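Have a look at the structure below, then the notes.
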Amino acid sequence: MTGLDLTGRRALVTGAAQGLGEGMAAALAAAGARVAVADVQDDLGAKVAASLGDEHLFVHLDVTDDDGWSSAIGTAVDRLGGLDILVNNAGIEITSLLVDLDPAQVRAQLDVNVLGTALGLKHGLRTMRPGGAAGGGGVIINVASVAATIAFPGISVYSATKSAVDRLTRVAAMESGKLGYGVRVNCIYPGLVPTAMGAGLANDVAEIGLFGSAQEAVEAVVALTPSGRLGEVSDMADVVVFLASDAARFITGAGLAVDGGMGM
Ligand SMILES: NC(=O)c1ccc[n+]([C@@H]2O[C@H](COP(=O)([O-])OP(=O)(O)OC[C@H]3O[C@@H](n4cnc5c(N)ncnc54)[C@H](O)[C@@H]3O)[C@@H](O)[C@H]2O)c1
């Protein structure tokens with residue numbers, strides 16, 4: 001489908017030093033976009049950007065830092081000559097039963113997953129709307145989770161933050177449309193993918209006694225999944241390319257489950 005060609009587009013992906021974000025950055029680059037790899041992990045992020053090629057770059061970005069967003073997006077716009085695609089992918093997950101919640105861990109997840117995504121929307125919309133530093137409209141893709149659509153034990157606060165990402169997406173799409181920003185805003189709900197976070201989650205739910213082992217936790221997830229397997233990084237990355245592309249030109253305010261059917 002020619003609509004999936006991203007030649008000439010400029011993208012920034014948060015949390016792109018590893019895992020899903022790295023895969024999304026690589027898939028956007030493979031589709032023709034020039035990509036700013038943004039992360040708090042400078043060494044790893046710079047390696048990812050270098051592996052994509054000379055026309056791509058690394059920018060340091062802590063998504064919870066309002067000024068950091070101005071600076072990272074400014075650098076991306078300067079170096080890439082604009083910005084058409086923003087993927088708000090950075091996120092953290094800290095497993096805990098509700099009865100054991102640690103307020104600092106709750107706040108950390110709210111900060112990165114909710115504030116980080118909200119600030120991404122703020123700066124992405126400001127930059128891409130008419131009169132902004134890029135100004136030609138564009139696309140924002142937020143990364144929620146299947147956790148926003150099911151009730152899996154041990155991840156209550158994480159699930160709540162991902163439900164918040166879902167609502168941020170819908171309101172952002174509405175504001176963008178009503179105010180003529182020309183920016184489509186959508187989110188995806190990935191199923192479990194064995195990245196550092198996904199594998200860690202399986203270990204942690206076993207460690208707090210919800211499953212006999214990490215393997216049992218994985219088997220429980222697979223048993224709930226009509227497609228009969230865990231997700232892969234490329235499953236998520238390909239959908240991000242689709243949503244970023246002209247093939248998705250009439251899709252905004254949508255949440256797309258990419259979970260093999262687990263959350264239906
Ligand atoms: N892996 C899964 O099973 C899964 C499932 C559903 C949703 N998700 C979501 O997908 C996204 C990526 O997950 P992943 O599995 O690749 O996780 P990961 O832990 O492997 O990678 C997350 C990346 O985000 C970066 N990051 C963390 N805090 C940051 C901050 N404050 N500012 C900038 N970067 C920051 C990390 O440095 C890391 O590079 C997350 O939003 C996660 O919630 C993951």
Side-chain angles (χ1 to χ4, degrees), residues 1-41 44-61 63 69 72-91 116-117 120-121 123-125 127-128 133-134 136-144 165 169 172 182-190 193 195 231-249 251-252 254-256 258:
M1 197 190 300
T2 51
L4 294 177
D5 181 13
L6 298 178
T7 302
R9 310 283 166 90
R10 288 81 34 117
L12 186 148
V13 183
T14 71
Q18 65 180 49
L20 300 188
E22 178 182 2
M24 290 166 187
L28 290 166
R34 279 178 296 142
V35 182
V37 169
D39 208 289
V40 285
Q41 299 191 78
L44 220 47
K47 271 190 201 145
V48 169
S51 76
L52 299 179
D54 287 346
E55 67 272 39
H56 310 280
L57 71 144
F58 171 72
V59 286
H60 177 87
L61 173 63
V63 295
W69 268 104
I73 285 208
T75 302
V77 169
D78 282 352
R79 294 273 305 277
L80 301 175
L83 187 72
D84 311 284
I85 300 161
L86 168 64
V87 185
N88 285 313
N89 164 75
T117 303
L121 286 164
H123 289 277
L125 290 171
T127 303
M128 292 192 268
V139 187
I140 299 178
I141 298 148
N142 297 327
V143 178
V165 169
T169 302
V183 179
R184 293 189 291 108
V185 188
N186 294 294
C187 68
I188 64 169
Y189 312 94
V193 183
T195 59
E232 294 173 6
V233 172
S234 65
D235 295 329
M236 310 307 147
D238 288 350
V239 173
V240 165
V241 170
F242 163 67
L243 286 174
S245 76
D246 292 344
R249 60 196 167 275
I251 302 179
T252 194
L256 197 49
V258 195

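Owing to the predicted nature of the structure, the values given are computational and were not obtained by experimental measurement.
By the 4.5 Å heavy-atom criterion applied to side chains, Ile140 and Met128 are counted as neighbours. No side-chain heavy atom of Val13 sits under 4.5 Å from any side-chain heavy atom of Val240.
Of all heavy-atom pairs between Val241 and Leu28, the closest is CG2-N, 3.9 Å.
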Side-chain donor-acceptor pairs of residues 32-40 under 3.5 Å, sequence neighbours excluded:
| from | atom 1 | to | atom 2 | distance (Å) |
| --- | --- | --- | --- | --- |
| Arg34 | NH1 | Leu80 | O | 3.4 |
| Arg34 | NH2 | Leu80 | O | 3.0 |
| Asp39 | OD1 | Gln41 | N | 3.0 |
| Asp39 | OD2 | Ala16 | N | 3.1 |
| Asp39 | OD2 | Ala17 | N | 3.0 |

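Applying the side-chain hydrogen bond (donor to acceptor under 3.5 Å, both in side chains) test to every pair with at least one member in residues 49-58, sequence neighbours left out, gives no pairs at all. For residues 239-248, every residue pair satisfying the salt bridge (Lys or Arg N to Asp or Glu O under 4.0 Å) rule, not counting sequence neighbours, is listed here: Arg9-Asp246.
With hydrogens and angles disregarded, a donor-acceptor distance shorter than 3.5 Å links the side chain of Thr14 to the backbone of Ala90.
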Item to check | Verdict with reasoning, Leu121 to Val185, per side-chain contact (heavy atoms from CB on, under 4.5 Å) | outcome: CA-CA 9 Å; Leu121 286 164; Val185 188; 3.8 Å; yes
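Checking Thr117 against Asn142 by side-chain atom types alone, no donor-acceptor pair falls below 3.5 Å.
Not counting sequence neighbours, the partners of Ala248 by the side chain to side chain contact (heavy atoms under 4.5 Å, CB included) test are Arg184, Phe242, Leu243, Ile251. Applying the salt bridge (Lys or Arg N to Asp or Glu O under 4.0 Å) test to Asp238 and every residue at least two apart in sequence or in another chain returns nothing. For Arg10, the salt bridge (Lys or Arg N to Asp or Glu O under 4.0 Å) test picks out Asp84, with sequence neighbours left out.
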